[in-house]
Protein chains: 2
Amino acid sequence: MTNNKSYGTGGIGFIDGEYMPFSELRIPVTDMGFQLADMCYDAVHVWKGRFFRLDDHLARFQTGLQKRRYDTLGYDIEAIADVCNGCVARLGAEDAFVMLIATRGTPMGANKDLRSCQNRLIAWALPLHTIVSDEEMENGCDIVIADTMRIPPEAVDPTVKNFGRMDFVGALFEAYDRKADYAVLLDAEGCVTEGRGWNIFALRQGALLSPDDGVLEGITRKTVLELSADLNVDGRLARITADELRGADEVFLTSTAGGIMPVKSIDKKIVGDGAPGPVTQRLTELYWKLHGDPELTTPVNYQLAEGQAAEA
Amino acid sequence: MTNNKSYGTGGIGFIDGEYMPFSELRIPVTDMGFQLADMCYDAVHVWKGRFFRLDDHLARFQTGLQKRRYDTLGYDIEAIADVCNGCVARLGAEDAFVMLIATRGTPMGANKDLRSCQNRLIAWALPLHTIVSDEEMENGCDIVIADTMRIPPEAVDPTVKNFGRMDFVGALFEAYDRKADYAVLLDAEGCVTEGRGWNIFALRQGALLSPDDGVLEGITRKTVLELSADLNVDGRLARITADELRGADEVFLTSTAGGIMPVKSIDKKIVGDGAPGPVTQRLTELYWKLHGDPELTTPVNYQLAEGQAAEA
């Protein structure tokens, strides 16, 4: 697994029933997925030829489709799984990152009635990458707690993964200005939520906590909560204030693109002794060991690389 | 002016320095303008061969570029005005709707550092259209006050026009479910904000009010406030509660794509006597009369249709 230095090259894309090089994958500007961020997505990864928790990702994606009322997508979950396999098979990689996107589509008239749209399925597979650098995977990330507030659930449901992320953008520029590369956002009550593409965990007084509200219900988050039991660690969802996060003994981020990523500092204050802590390390080992578990993994059907009908 | 029945046909598009049919205009999925709604836009219209308040639109767009820190766009305001003209000239229309979009662009690596992106300019021109139907322009729209909350300014700055609009999408489906086609959203305090692509005005006890906070600072809104003085109407920005909106004597929406659009009912309660009121009608007349004012309009340079360098 590596940090891809040239995002957008060397992948396989899928749109409107056709596969193509990822670098050629473009979305019509008329699609409300662009004009309104009216879309939802999920991301799943492949490790040594096996999808990790594909069923969980597909179930969450399907929930998103229902919440967004994408009734005209034309792909059921089996067909969507075929597209996942089709992308990875064409990529021909053992380790891959797969993106699944449903958009509202293009409306019929200029008043843009959302009910007139034909929903669209887009997907891509890239060589597996992390959302932090190799050095940060090893030694930890520097993050800030942003002043920009997370978009509240009353406005947009954060449990449906989506690209309407201007709050994350504002927070990231706060981080850049403060010599950090990542930012976590607070909610209206000042409690910790999430960052761009990741959940966050804090180990405090022996309890491993992750925010319970206003965040994506991450599959890696779920996995970590399950694994914490194996370590006899009290892992659970909870409200976490900014000060509680700053005072934690260990902090890490979780994401499909990276797994468990240690945090080295928060607002320039070093977490613990500055190195990834023992619980973070032990969870990381267990997390990757799970990738051989037949109950949680599904082999890629590499035979779907050619001659298969992609359209529903 | 007509409601375009086939959104996406018959226009001219511009991306990466090249003009093309609008139906072929696509954005790379790697652009953070798609993946994060990290973009800003402005829309200006052309009436009888003249841009209306082009300088105001370009100034607002430039403010957006600065707030978003799009430092690598490669187009100054003169070059952007040339692209506006280039699109309309190639469209060859007397009446047109022009969209200007700046996006963050595609990052260099998979960790998607926003500072590594080359910003992108996208534009298009379509035959002038309204965002409501011809029948609604004449007789008024049915709107609802949505339960979905408008994304608060603390999360995303609403004065920079952007496509991160899942709150509008949620509100629109509330409208559809209640047999209306449009929705206005409230803020966290229960005060009126705006709808998808429009500001709102309410005439109450002789005062013409429009929300003062948490909304786009619309150019049509500004024009209406200026015109209200000519009618000896007390036009101003103010906090408006949902009940105050429901009890208004006249209500209308303002947008570059449509101008002044009367509202017939709110949450099924008829506004006034159900027909566009006298102030709404008089403002609409004055608004279109302004389109001949040389101080507020700029003739399209139709000679920019061919043989002009588009790239900065």
Side-chain angles (χ1 to χ4, degrees), chain A residues 3-8 13 22-23 25-30 32-38 68-69 97 101 104 106-115 122 124 126 129-133 148-152 154-157 162-170 172-173 176 181 188 196 257, chain B residues 3-8 13 22-23 25-30 32-38 68-69 97 101 104 106-115 122 124 126 129-133 148-152 154-157 162-170 172-173 176 181 188 196 257:
Chain A
N3 182 266
N4 183 344
K5 293 296 181 206
S6 50
Y7 181 62
F22 180 56
S23 58
L25 184 57
R26 292 176 164 236
I27 176 173
V29 296
T30 52
M32 295 298 105
F34 176 48
Q35 290 195 23
L36 298 170
D38 187 352
R68 288 276 197 271
R69 305 210 219 168
F97 173 83
I101 298 172
R104 180 71 59 195
T106 297
M108 291 300 289
N111 68 339
K112 299 177 186 170
D113 189 316
L114 301 179
R115 294 163 294 186
I122 301 172
W124 65 75
L126 292 172
H129 57 72
T130 66
I131 53 172
V132 304
S133 72
T148 303
M149 188 176 90
R150 180 77 180 100
I151 293 172
E154 294 79 11
V156 182
D157 182 350
N162 69 83
F163 286 166
R165 297 180 145 187
M166 276 306 307
D167 52 345
F168 291 132
V169 173
L172 280 166
F173 275 92
Y176 300 156
D181 284 337
R196 173 179 62 168
Chain B
N3 183 267
N4 182 344
K5 292 296 179 206
S6 51
Y7 181 61
F22 180 57
S23 58
L25 184 57
R26 291 175 164 235
I27 177 173
V29 296
T30 53
M32 295 297 105
F34 176 47
Q35 290 195 23
L36 298 170
D38 186 352
R68 288 277 197 268
R69 303 210 219 167
F97 173 83
I101 297 172
R104 180 71 60 194
T106 297
M108 291 299 290
N111 68 338
K112 300 179 187 169
D113 189 316
L114 300 179
R115 294 163 296 186
I122 302 172
W124 65 74
L126 292 172
H129 56 74
T130 66
I131 54 172
V132 304
S133 71
T148 303
M149 188 176 87
R150 180 76 180 99
I151 293 173
E154 294 78 12
V156 182
D157 181 350
N162 70 82
F163 286 166
R165 297 180 146 184
M166 276 307 308
D167 52 344
F168 291 131
V169 173
L172 280 166
F173 275 91
Y176 300 156
D181 284 337
R196 173 179 63 167

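A, B, ... follow the sequence lines: proteins, then strands. Residue 1 opens every chain.
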- Query: What's the shortest heavy-atom distance between Tyr176(A) and Lys112(B), and which atoms?
  - Reply: OH-O, 4.3 Å

- Message: For Leu172(A) versus Leu114(B), what's the shortest heavy-atom pair and its separation?
- Response: CD1-CD1, 3.8 Å

- Query: Which heavy atom in Tyr7(B) sits nearest to a heavy atom in Met32(A), and how many Å separate them?
  - Reply: CE2-CE, 4.2 Å

- Query: Would Asp38(B) and Arg196(A) pass as an ion pair if we require N to O under 4.0 Å?
  - Reply: no

- Item | Selection from Val156(A), Val29(A), Thr106(A) maximising heavy-atom pairs under 4.5 Å formed with chain B | Val29(A)

- Item | Phe173(B) six-ring face occupied by Arg69(A) cation (under 6.0 Å, within 45°) | no

- Message: Heavy-atom pairs under 4.5 Å with chain B: which of Thr30(A), Ile122(A), Ile101(A) has the most?
- Response: Thr30(A)

- To the nearest 0.5 Å, how far apart are CZ in Phe168(B) and CG in Leu36(A)? 9.0 Å

- Backbone N/O of Ile27(B) and side chain of Arg26(A): donor-acceptor pair under 3.5 Å: no

- Note on the structure: Across all chains, not counting sequence neighbours, the side-chain contact (heavy atoms from CB on, under 4.5 Å) partners of Glu154(B) are Met149(A), Pro152(B)

- Top residue by heavy-atom pair count (under 4.5 Å) with chain A, among Ser23(B), Gly13(B), Pro28(B)? Pro28(B)

- Note on the structure: So CZ of Arg165(B) and CE of Met166(A): to nearest 0.5 Å the spacing works out to 13.0 Å

- Asp157(A): side-chain hydrogen bond (donor to acceptor under 3.5 Å, both in side chains) partners, not counting sequence neighbours: Lys67(A), Thr159(A)

- Message: Applying side chain to side chain contact (heavy atoms under 4.5 Å, CB included) to Ile151(B) and Ile151(A), what does each step give before you reach the verdict?
- Response: CA-CA 6 Å; Ile151(B) 293 173; Ile151(A) 293 172; 4.0 Å; yes

- Query: Does Arg115(B) pair with Asp181(A) as a salt bridge, N-O distance under 4.0 Å?
  - Reply: yes

